[in-house]
K.L.:
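Just passing along the structure, written as C-alpha cells.
Just so it is clear, the structure is predicted and the values come from calculations on it, not from any experiment. All values below come from the heavy atoms of this structure, side chains included, with hydrogens, waters and symmetry mates left out. The chains referred to below are lettered A, B, ... by the order of the sequence lines, with proteins before strands, and numbering in each begins at 1.
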Amino acid sequence: MLDIKLLRENLEAVKERLATRGAKIDWESFVALDRERRESLARLERLKEKKNLLSGGIGKLKKSGGDATALMREVEEVARAIREGEPPLAEVERRFDEFMLTVPNLPHESVPLGAGPEDNPEVRRWGEIPRFDFKPKPHWEIGEELGILDFARAGKIAGARFVVYHKEGALLERALANFMLATHTRENGYAEVFPPSIVNTASLTGTSQLPKFAADLFKLEGTDYWLSPTAEVQVTNLFRGETLDPDRLPLKLCAWTANFRSEAGSYGKDTRGIIRLHQFQKVELVKFVRPEQSYEEIESLTRDAESILQKLGLPYRVVALCTGDLGFGAAKTYDIEVWLPGQNAYKEISSCSNFEAFQARRAGIRYRSPGRTRSDFVHTLNGSGLAVGRTLVAVLENYQQKDGTVIVPEALRPYMGGLEKIA
RNA sequence: GGAGAGAUGGCCGAGUGGUCGAAGGCGCACGCCUGCUAAGCGUGUGUACCCCUUAAAAGGGUACCGAGGGUUCGAAUCCCUCUCUCUCCGCCA
C-alpha cells in the first residue's frame, strides 16, 4: 500500500512512475473518493463531538437531580443523524481501501525502464557454463532413468504438476535444504523459523498476495485458510501489527517451507519436470530493516542467495527486473537465474525484492526510531535462498555424466552421508 | 470433540452504566536533592485517523480496554457472535 499522503501531495509524480509499470489505475475516482471520504468523516466526527458533549451534560444534570428529558431528546436527534451518516461513509471507506489495496508499489528510481522480461538488464554473471562431450539431458530424463524422480505415481496420488522423490532424489532435496539453512544461519546471520504452511486472509493481504491474486492460490474450502504460496507470507506476517525494537533491526530470518501455487494461467509453461509444480520447497530469506538501509540490504540479501550457488559451483546470472516486469508489491527486484544445460538457458531460481514500506504499511509493522515521537514503518525484503526443487534440477543437469550418473557437488556431500555420485 | 475459566496501557493489576484513555504499582524519561552508589521528592509517560497549521511541532476532535455486531441519551462495564489463551477429559503425531 502506498502512503496516502504521498498520493494526495504528489499525485502527478506517482501517476507517472506507476505508468512505467504499465499499470492502469482509475485516478479520477481516487481523487473523488478521497475527498468524499474525508468530508464525510469530518462531518460525522463533529456530530459525535456534539453527542458526547450533550451526553456528558445528561450525566451531570442527573447527578444534581435535574430533569434531563429535553437534553435526551436533543441527543437522540444527533444520534439519529450519526446513524444515518455511517453506512454511506462505510461504503466510501470500503471502496477507498479496495482502491488502495490494488495500487501497485512505486518502482525505485534505480529500476530500469522496460515493458517486459526482454528488457531486464543483466547485472552480473558468475561461473563457467559447463561443456559436455555429449548432449546434456533435461533433468526429468536424468531423474527418471536414475529412478529418483517419479511423475507417474505423483500423478496417481495427486495429479499433474506434482512429483515424488525416491531414494537419492529425496535425500538430495533434504540435503539441499539443510545445506542452505546451515549456510544462512551459520554464515549469513539469519535466524531460522519454521512457520505453518496454512495462512489466513489477513496474512495474505499483509504481504499483498490478496486481494488481487486469489486465483494463484489454493483455498481450503469452507474456511479462512489458504495454502501459503511462499514463506514470505508467514515470516513477514510474524510481526504484523507490532512495533519492533529498533535495536533488533535489521532483523534477518530464514525459513524452510513447502509452498503451494495453483499455477492458474500457466498451462503449457514448463509442463515437464519439476520446474513448475503445485507444491515445492523453498528456503526463504526475509529482512526487516530501517528505511535508510533497505537498498544496501537488498544487495546483501541477493549476495546471500548467490552464495549458495557459488558453493555448489552452479553458474548463474543476476538480472534487474525492469519496471514492466516488477512484481505488484516490489519497489526493486533482482532475479537470480541458474544455468540449466538441459534447457540451454538461464532459469529463475531466486527473486530478491525490496518492498520498502509497501507491505509494512499493509501489515502494520513499525519501529520507533530513537528521539522521534511517531513510529515509522520498517522496510521489508525477501528472496529465495533458494528454491530447493529448482536447485535440485540445476545440480542434476550441471553435474550429469555421460553414463547417466550425477556427481554430487562437494559442498553437499557432508549433507548426503558422504555420497559422491548418484548412480 | 466435551466441560470450565479468562483476554484491560511496555509489564503487573483495579475498575459491573455517566467527568474512564482508564486508579494504584512497576518500568521508563526529564528535573530536584544527596560529595560515590543506593534511597528520596517532583513532573511526564499509548496508538491510529481527521481538522487546523506546518519545515516540524503545538492545538482542537474522533476512535480504540481480544475482534465484530447490538441495547442505551451515554458501554471497559449489559446482550449476541467469533477469535485466541489457560485448566480438566477424550483422541492423535
K.L.:
Determine the Euclidean distance between corresponding C1' atoms of B:U83 and B:C26; express it in Å to zero decimal places.
P.N.:
30 Å
K.L.:
Return all side-chain donor-acceptor pairs below 3.5 angstrom for residues 72-94 of chain A, not counting sequence neighbours, or 'none' if the list is empty.
P.N.:
| from | atom 1 | to | atom 2 | distance (Å) |
| --- | --- | --- | --- | --- |
| A:Glu76 | OE2 | A:Arg83 | NH2 | 3.4 |
| A:Glu77 | OE1 | A:Arg80 | NH2 | 2.9 |
| A:Arg80 | NH1 | A:Glu84 | OE2 | 3.1 |
| A:Glu91 | OE1 | A:Arg94 | NE | 3.3 |
| A:Glu91 | OE2 | A:Arg94 | NH2 | 3.1 |
| A:Arg94 | NH1 | A:Glu98 | OE2 | 3.3 |

K.L.:
Both A:Asn52 and A:Phe377 contact RNA chain B. Which one's nearest nucleotide lies toward the 5' end?
P.N.:
A:Phe377
K.L.:
With sequence neighbours excluded, tell me which residues meet side chain to side chain contact (heavy atoms under 4.5 Å, CB included) with A:Ile157.
P.N.:
A:Val164
K.L.:
Take atom CZ of A:Arg366 and atom P of B:G10, then tell me their distance rounded to the nearest Å.
P.N.:
13 Å
K.L.:
I'd like the C1' distance from B:G40 over to B:C52, given in whole Å.
P.N.:
44 Å
K.L.:
When you measure from every atom of RNA chain B, which of residues 234-244 of chain A have a heavy atom less than 4.0 Å away?
P.N.:
none
K.L.:
Separation of A:Lys5 atom NZ from B:A48 atom C1', in whole Å?
P.N.:
10 Å
K.L.:
As an exercise, state the distance from CG of A:Leu386 to OG1 of A:Thr391, rounded to the nearest 0.5 Å.
P.N.:
4.5 Å
K.L.:
On RNA chain B, does the nearest nucleotide to A:Lys60 precede the nearest nucleotide to A:Arg37 from the 5' side, or the other way round? Give the residue.
P.N.:
A:Lys60
K.L.:
Write down the distance separating the P atoms in B:G9 and B:C65, rounded off to the nearest Å.
P.N.:
10 Å
K.L.:
For nucleotides B:A38 and B:U45, find the distance between their P atoms and express it as a whole number of Å.
P.N.:
26 Å
K.L.:
Determine the interatomic distance between P on B:U72 and the same-named atom on B:C79; round to the nearest Å.
P.N.:
16 Å
K.L.:
Does the protein touch nucleotides 69-83 of chain B at the base, only the backbone, or not at all? Give it as B, S and - per nucleotide, heavy atoms under 4.0 Å.
P.N.:
----BS---------
K.L.:
Determine whether a donor-acceptor pair (N or O, by modelled atom type, separation under 3.5 Å) exists between the side chain of A:Thr243 and the backbone of A:Tyr367.
P.N.:
no
K.L.:
Hey, is the side chain of A:Glu45 pairing donor to acceptor with the base of B:G61 inside 3.5 Å?
P.N.:
yes
K.L.:
Which residue pairs pass the salt bridge (Lys or Arg N to Asp or Glu O under 4.0 Å) test when at least one of the two sits in residues 150-164 of chain A, sequence neighbours left out?
P.N.:
A:Asp150-A:Arg153
K.L.:
Say you pick atom P in B:A39 and the same atom in B:C20; how far apart are they, in whole Å?
P.N.:
33 Å
K.L.:
Could you go over nucleotides 52-55 of chain B and give all protein N or O partners under 3.5 Å, atom names and distances?
P.N.:
none

K.L.:
What pairs with A:Asn259 under side chain to side chain donor-acceptor pair (under 3.5 Å), at least two apart in sequence or on another chain?
P.N.:
A:Thr257
K.L.:
Can you check the A:Asp376 CG to B:U47 C1' distance for me, whole Å?
P.N.:
14 Å
K.L.:
Can a donor-acceptor pair be found between the side chains of A:Glu232 and A:Gln359 at a distance below 3.5 Å?
P.N.:
yes
K.L.:
Using the ring of each side chain (for Trp, its six-membered ring), is A:His108 parallel, tilted or perpendicular to A:Tyr295, with breaks at 30° and 60°?
P.N.:
parallel
K.L.:
Taking only residues two or more places apart in sequence, or in another chain, which ones meet A:His184 in a ring pair (Phe, Tyr, Trp, His ring centres under 6.0 Å)?
P.N.:
A:Tyr190
K.L.:
Roughly how far apart, to the nearest Å, are B:C64 and B:A76 at atom P?
P.N.:
7 Å
K.L.:
Who are the ring pair (Phe, Tyr, Trp, His ring centres under 6.0 Å) partners of A:Phe358, not counting sequence neighbours?
P.N.:
A:Phe328
K.L.:
In whole Å, I'd like the distance from the CD1 atom of A:Ile4 to the C1' atom of B:A48.
P.N.:
11 Å
K.L.:
Is there a side-chain polar atom (N or O) of A:Arg43 under 4.0 Å from OP1 or OP2 of B:C50?
P.N.:
no
K.L.:
Identify all side-chain donor-acceptor contacts of residues 412-423 of chain A below 3.5 Å with residues at least two apart in sequence or on another chain.
P.N.:
| from | atom 1 | to | atom 2 | distance (Å) |
| --- | --- | --- | --- | --- |
| A:Arg413 | NE | A:Val408 | O | 2.9 |
| A:Arg413 | NH2 | A:Val408 | O | 2.9 |

K.L.:
Should the ring pair A:Phe99 and A:Trp27 be called parallel, tilted or perpendicular, given that the plane angle runs from 0 to 90° and is split at 30 and 60?
P.N.:
perpendicular
K.L.:
Starting from Watson-Crick (N1-N3 plus N6-O4 or O6-N4) and G-U wobble pairs under 3.5 Å, report the runs of at least three that RNA chain B belongs to.
P.N.:
B:1-7 with B:83-89, B:10-12 with B:24-26, B:27-32 with B:40-45, B:46-51 with B:59-64, B:66-70 with B:78-82
K.L.:
What are the two closest heavy atoms between A:Asp26 and A:Ser29, and how far apart are they?
P.N.:
OD2-OG, 2.9 Å
K.L.:
In this structure, how many angstroms lie between the P atom of B:G18 and the CG atom of A:Leu71, rounded?
P.N.:
18 Å
K.L.:
Grab the CG-C1' distance between A:Leu41 and B:G60 for me, whole Å please.
P.N.:
15 Å
K.L.:
What salt bridge (Lys or Arg N to Asp or Glu O under 4.0 Å) pairs are there with at least one residue in residues 177-197 of chain A, not counting sequence neighbours?
P.N.:
A:Glu187-A:Lys311
K.L.:
At less than 4.0 Å, is any side-chain N or O atom of A:Arg46 found next to OP1 or OP2 of B:G61? Yes or no.
P.N.:
no
K.L.:
State whether the side chain of A:His379 and the backbone N or O of A:Asn354 hold a donor-acceptor pair below 3.5 Å, judged by distance alone.
P.N.:
no
K.L.:
Roughly how many Å is it from CG in A:Asp97 to C1' in B:C49, rounded to a whole number?
P.N.:
12 Å
K.L.:
Using the P atom in both, what is the distance from B:A55 to B:C30, to the nearest Å?
P.N.:
30 Å
K.L.:
With a 4.0 Å cut-off on heavy atoms, is A:Arg80 in touch with a base, just the backbone sugar-phosphate, or nothing at all?
P.N.:
nothing
